[in-house]
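Throughout, numbering of the chain's residues begins at 1 and tracks the sequence. What's counted below: heavy atoms across the whole structure, side chains too, no hydrogens, waters or symmetry copies.
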Amino acid sequence: MMTSRMLEQTPGITRQQLQDITVTILSDGYLEGTVALLNGIETDHAEALLRANGVSPLPRMNINACVVETTGHTILIDSGTGTPDGASGELPAALAAAGIDPLSIDTILLTHGHRDHIGGLAGPLQTPLFSNVQRLFVHEKELAFWRDETLYASAPEGLKRSFDIAKNAFSAYDDRLVPFTHEDLLPGIQAVPLFGHTPGHSGFLLGNEKGSLLIWGDIVHFPHIQIARPEVSIAFDRDPALAAKTRNTLLDRVATDDISVCGMHFNLPTTAKLSRSGKSYALHYAM
């Protein structure tokens with residue numbers, strides 16, 4: 001069984017050791033959110049779930065990113081919003097606080113192309129912000145979606161902005177893009193297809209045994225609500241029914257196999273475990 005241990009922590013930064021892999025979870029800040037974005041749950045019930053877990057009924061959607069250090073590679077998983085939007089865009093400061101040089105990052109794994117995950121990869125005019133990156137892994141369905149000019153032409157103006165940000169980032173790393181469909185990406189790292197939120201939404205499993213860590217991207221946006229009520233979707237889901245089905249299946253696997261997880265919208269940058277009660281689950285953050 002793979003062993004893991006928490007390292008000494010800095011406020012706002014969590015480090016975990018998985019054998020020869022070091023995982024650093026960083027905060028990019030947050031976006032203001034509202035439970036009105038959710039579908040399939042009454043507002044008063046959603047707010048009651050938040051209060052029961054010590055979360056404000058006027059919640060913020062926290063944004064996290066991860067740096068994975070392995071033998072020979074420093075890997076960034078997602079990048080936050082890039083430019084300040086509300087109180088986000090803090091990844092550069094978080095990297096500095098964690099003592100991680102952006103120039104040391106040679107690989108990027110992207111869960112999906114929404115702007116709070118891809119916006120920090122590139123500046124205007126397709127300028128890569130991580131200049132020493134050699135490979136950017138993204139699921140081929142995800143890349144195809146954001147580069148689909150027919151979809152772009154018919155998208156509302158608000159969504160066009162998201163397309164523009166994604167296309168700018170992909171073009172910045174165009175010669176370094178690695179579209180994948182397979183699961184084995186790098187030694188000790190497997191891609192996990194988690195489609196529904198976006199067409200190629202993917203997680204990344206560090207290690208291949210129980211005791212491993214799953215970076216699960218946007219399986220949840222309001223963790224305590226959508227883990228207790230897996231059928232609840234959010235307005236950002238491209239395919240809400242598939243997203244809910246994926247969430248149900250994954251929560252069952254994570255609880256059954258006792259897998260540690262990290263979400264890009266957990267309430268703080270940390271890992272968690274799940275417990276099961278009937279058809280519902282509860283989230284327990286590591287401290």
Side-chain angles (χ1 to χ4, degrees), residues 21-26 28 63-83 88-92 94-96 98 100-149 151-152 161-195 197-206 215-218 262 264:
I21 299 174
T22 302
V23 184
T24 304
I25 307 166
L26 304 166
D28 184 63
I63 304 169
N64 302 316
C66 298
V67 174
V68 178
E69 296 171 274
T70 68
T71 302
H73 292 289
T74 300
I75 302 161
L76 177 67
I77 304 179
D78 287 357
S79 68
T81 63
T83 55
S88 65
E90 296 297 320
L91 181 61
L95 287 168
I100 299 171
D101 184 351
L103 294 177
S104 71
I105 295 170
D106 60 80
T107 304
I108 294 170
L109 304 179
L110 191 66
T111 64
H112 64 297
H114 281 156
R115 64 187 183 90
D116 51 326
H117 301 262
I118 201 172
L121 294 184
L125 303 177
Q126 304 169 11
T127 305
L129 298 181
F130 297 93
S131 56
N132 286 341
V133 163
Q134 300 168 16
R135 292 179 293 179
L136 191 163
F137 290 87
V138 57
H139 197 282
E140 70 169 21
K141 289 184 178 181
E142 193 70 12
L143 182 61
F145 173 77
W146 293 106
R147 284 184 158 176
D148 189 319
E149 291 300 327
L151 285 175
Y152 178 80
R161 181 191 174 203
S162 294
F163 273 95
D164 289 338
I165 291 170
K167 289 191 294 183
N168 180 71
F170 287 134
S171 294
Y173 297 88
D174 191 58
D175 59 341
R176 290 165 275 185
L177 289 175
V178 183
F180 66 84
T181 56
H182 54 287
E183 294 187 358
D184 292 319
L185 298 184
L186 296 164
I189 301 179
Q190 289 185 312
V192 181
L194 300 172
F195 305 156
H197 179 55
T198 60
H201 179 242
S202 301
F204 301 101
L205 183 68
L206 311 181
I215 312 294
W216 74 9
D218 279 15
C262 174
M264 287 4 195

Measuring only between side-chain heavy atoms, which start at C-beta, is [X] closer than 4.5 Å to [Y]?
X: L185; Y: R135; result: no
X: P179; Y: H139; result: no
X: L76; Y: I100; result: no
X: P102; Y: L129; result: no
X: C66; Y: F204; result: no
X: V138; Y: W146; result: no

Roughly how far apart are [X] [atom1] and [Y] [atom2], rounded to 0.5 Å?
X: L121; Y: Q126; atom1: CG; atom2: CD; result: 13.5 Å
X: L186; Y: L109; atom1: CG; atom2: CG; result: 6.0 Å
X: I77; Y: I105; atom1: CD1; atom2: CD1; result: 11.0 Å
X: L26; Y: E90; atom1: CG; atom2: CD; result: 12.0 Å
X: D116; Y: M264; atom1: CG; atom2: CE; result: 10.0 Å

Where do [X] and [Y] come nearest, in terms of heavy atoms and distance?
X: I63; Y: G80; answer: CG2-CA, 4.0 Å
X: A122; Y: N168; answer: CB-ND2, 3.7 Å
X: S202; Y: F195; answer: OG-CE2, 4.5 Å
X: S104; Y: T74; answer: O-CB, 3.2 Å
X: L91; Y: D28; answer: N-OD1, 2.9 Å
X: R176; Y: S131; answer: NH1-O, 3.6 Å

* Checking side-chain contact (heavy atoms from CB on, under 4.5 Å) for the pair F170/L110: CA distance, chi angles, key distance, verdict? -> CA-CA 11 Å; F170 287 134; L110 191 66; 3.8 Å; yes

* Asked: For the side-chain contact (heavy atoms from CB on, under 4.5 Å) test, which of I118, L136, L177, I75 pairs with I108?
  ->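 Only one option passes, and that is L136.
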
* Asked: Would you say the side-chain atoms of D184 and Q190 include a donor-acceptor pair closer than 3.5 Å?
  ->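 A donor-acceptor contact under 3.5 Å links the two side chains.
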
* **Donor-acceptor side-chain pairing of H114 and D218 below 3.5 angstrom** =>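 No, no side-chain donor-acceptor contact under 3.5 Å.
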
* Take I25 and I215, measure what side-chain contact (heavy atoms from CB on, under 4.5 Å) needs, and give me the verdict at the end. => CA-CA 10 Å; I25 307 166; I215 312 294; 5.9 Å; no

* Y152 and D164: CA distance, side-chain angles, deciding distance, side-chain contact (heavy atoms from CB on, under 4.5 Å) verdict -> CA-CA 9 Å; Y152 178 80; D164 289 338; 3.0 Å; yes

* With sequence neighbours left out, write down each residue that passes salt bridge (charged side-chain N to carboxylate O under 4.0 Å, His left out) with D174, or none if nothing qualifies. =>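 If we apply the salt bridge (charged side-chain N to carboxylate O under 4.0 Å, His left out) test to D174, skipping adjacent residues, the hits are R147.
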
* Partners meeting salt bridge (charged side-chain N to carboxylate O under 4.0 Å, His left out) with K167 (sequence neighbours left out) ->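 K167: salt bridge (charged side-chain N to carboxylate O under 4.0 Å, His left out) contacts with E149.
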
* Who passes ring pair (Phe, Tyr, Trp, His ring centres under 6.0 Å) against Y173, sequence neighbours left out? ->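 Residues passing ring pair (Phe, Tyr, Trp, His ring centres under 6.0 Å) with Y173: none at all.
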
* To do: Using atom types as modelled and distance alone, determine if a side-chain donor or acceptor of D106 lies under 3.5 Å from a backbone N or O of N132.
  =>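 Side chain of D106 to backbone of N132, a donor-acceptor pair under 3.5 Å: no, none is there.
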
* To do: Indicate, with yes or no, if the rings of W216 and H201 have centres closer together than 6.0 Å.
  =>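 Between H201 and W216, which both carry aromatic rings, the centre distance is not below 6.0 Å.
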
